[in-house]
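Below is one structure; the comments refer to it alone.
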Amino acid sequence: MALLTSEDLKNINRQLEEADSAVRRVTGLDIKEVCRALYGTSPSCEKIGIVPVTSGNGIIGNFSASLHAITQYFGFESFVTDMPDVSGYYEAVKKGAEIILMADDHTFLAHNLKNGKIANNQPCTGIIYAEIASRHLKADSKDVLVIGLGKVGFPGAAHFANKGFNVYGYDADKVLLEKAVSNLGIIPFTPSSPRKFSMIFEATPCANTIPEFVISKNCVISTPGIPCAISDELRKKYDVEIVMEPLGIGTVSMLYSVL
Ligand code: NAI
Ligand code: 2YC
Ligand code: MG
């Protein structure tokens, strides 16, 4: 399980603003508008309780504070409980939280106590980053490359396939690649048959997974993957537009999915 570090979450507001600007350049919409279009939902003053969780590797220094900043950036009222874990959950409900946000090392959830809806960060992240890439205004075809077909990548690939895109997929794990081919009907991408893509979605925990020969002009890389999937050198050489942010885009996708 690739866990965030406090370093990943530094200057979260600037990271959100930069990602929002990139989403607007790529799609013509801001992140909230993409969420509204994707889920057909809009906030109505829901109060969010953020509960720190001490299990496993324990509390990540600025994780809860980052969720507080993220929820406020997207216009929600939110608070971080003083207590963690069960006491924190109790505190959140007593203080009137309608949506609970909390994460252990394996699951990051949003639970709407009013309508019972619950969301998991991994599929919600894959779906929103795929949706952003799928709305690329200057895409040169319906071809999209998905690198990484795990807990985030597979739902992202499924989202592209459901929207009728030609999905070329690759994963270092051949079993996962085969599962995506048989379950989603995607086309296995082989470096031996190179093609260029104007839409690339990457969801791996490895750096530099995007090779030069797949980058077309007007290329957009939409990637929740940490660390970054493309070197600064390649990004500058091809003037690639990149949508990448460590926590907020996936979180707001979760929230809109439970409204
Ligand atoms: P996962 O482990 O379920 O999936 C990652 C997949 O990448 C695996 O199937 C693995 O075989 C594949 N992979 C690894 N190296 C590769 C390479 N060089 N080429 C091709 N495939 C390769 O992990 P998960 O949960 O899907 O997360 C993926 C990444 O997204 C992680 O870095 C995680 O930290 C990040 N993440 C980011 C979020 C955000 O909001 N930015 C939210 C959730 C996860
Ligand atoms: O501070 C806390 O409450 C910790 N229990 C939070 C642990 C989050 C662990 N999960 C992750 O770092 C990644 C994130 C990208 C979101 C999903 N998994
Ligand atoms: Mg994100």
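Counting starts at 1 for both ligands and their atoms, in listed order.
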Inset, instruction - May I have the step-by-step check of side-chain hydrogen bond (donor to acceptor under 3.5 Å, both in side chains) for T209 and Y170, ending in yes or no? - result: CA-CA 10 Å; T209 53; Y170 178 69; over 6 Å; no
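- In this structure, P43 and Y256 have side chains that are in contact, with non-hydrogen atoms separated by less than 4.5 Å.
- Every atom of ligand 1 is numbered from 1 in the order shown, and the set under 4.0 Å from a heavy atom of T209 is 17 (C), 18 (N).
- For ligand 2, the atoms sitting less than 4.0 Å from at least one non-hydrogen atom of F63 are 1 (O), 2 (C), 6 (C), numbered in the order shown with element in parentheses.
- The shortest N/O to N/O separation between V51 and ligand 2 does not fall below 3.5 Å.
- No side-chain heavy atom of D239 sits under 4.5 Å from any side-chain heavy atom of N218.
- Of all the atoms in ligand 1, the ones that sit under 4.0 Å from a non-hydrogen atom of P205 are 5 (C), 7 (O), 14 (C), 32 (O).
- Heavy-atom contacts of Y170 reach the following atoms of ligand 1: 19 (N), 20 (C) (cutoff under 4.0 Å).
- Close contacts between ligand 2 and P52 involve ligand atoms 3 (O) [criterion: under 4.0 Å to a heavy atom].
- The atoms of ligand 2 that sit less than 4.0 Å from any heavy atom of D104 are 7 (C), 8 (C), 9 (C).
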Inset, instruction - Could you walk me through whether E91 and K95 pass the salt bridge (Lys or Arg N to Asp or Glu O under 4.0 Å) test, one step at a time? - result: CA-CA 6 Å; E91 181 187 337; K95 285 182 175 175; 2.8 Å; yes
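- Taking a cut-off of under 4.0 Å to the non-hydrogen atoms of A2, the atoms of ligand 1 that pass are 31 (C), 33 (C), 34 (O).
- Atom NE2 in H136 sits 11.0 Å away from atom OG1 in T27 (nearest 0.5 Å).
- Near E245, the atoms of ligand 1 lying under 4.0 angstrom from a non-hydrogen atom of the residue are 39 (C), 40 (O), 41 (N).
- Looking at L176, V152, N120, D171 and measuring to atom 11 (O) of ligand 1, the nearest heavy atom belongs to D171.
- A donor-acceptor pair shorter than 3.5 Å can be found between the side chains of T54 and D85.
- Remark: R135 CZ to M199 CE distance equals 13.0 Å, nearest 0.5 Å.
- A cation-pi arrangement, defined by a distance under 6.0 Å to the six-membered ring centre and an angle within 45 degrees of its axis, is absent between K217 and Y238.
- The closest non-hydrogen atom to atom 39 (C) of ligand 1, taken over S253, G248, P246, comes from P246.
- Donor-acceptor pairing under 3.5 Å is lacking for the side chains of N208 and S231.
- The environment of K10 atom NZ is sparse: at most 12 non-hydrogen atoms of other residues, nucleotides or ligands sit within 6.0 angstrom.
- Selection from G153, G148, A203 by nearest heavy atom to atom 5 (C) of ligand 1 gives A203.
- No close placement of the F213 and F197 rings is indicated, their centers lying 6.0 Å or farther apart.
- Shown here for E245 and L16, the closest heavy-atom pair between the two residues is OE2-CD2, 3.7 Å.
- At least one N/O-N/O distance between L4 and ligand 2 falls below 3.5 Å.
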Inset, instruction - Could you please spell out the steps behind the salt bridge (Lys or Arg N to Asp or Glu O under 4.0 Å) verdict for E46 and K114? - result: CA-CA 10 Å; E46 287 82 0; K114 279 173 65 180; 5.7 Å; no
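- Here the side chain of E202 pairs no donor or acceptor atom with the backbone of A229 at under 3.5 angstrom.
- Under a 4.0 Å criterion applied to the non-hydrogen atoms of A103, ligand 2 contributes the atoms 3 (O), 4 (C), 5 (N), 6 (C), 7 (C), 8 (C).
- An N or O contact shorter than 3.5 Å links V53 to ligand 2 by distance.
- Those atoms of ligand 1 with a heavy atom of L247 less than 4.0 angstrom away are 40 (O).
- For the ligand labelled ligand 2, residue G58 lies inside the 4.0 Å heavy-atom shell.
- In terms of polar-atom proximity, defined here as any N/O pair under 3.5 Å, G250 makes no such contact with ligand 1.
- Under a 4.0 Å heavy-atom criterion, I249 is not in contact with ligand 1.
- When the options V252, N121, L177, I128 are ranked by their closest heavy atom to atom 42 (C) of ligand 1, first place goes to N121.
- Residue contacts with ligand 2, taken as heavy atom pairs separated by less than 4.0 Å, do not involve T54 at all.
- Interface of D173 with ligand 1, defined as ligand atoms under 4.0 Å from a residue heavy atom, comprises 11 (O).
- Those atoms of ligand 1 with a heavy atom of I226 less than 4.0 angstrom away are 32 (O).
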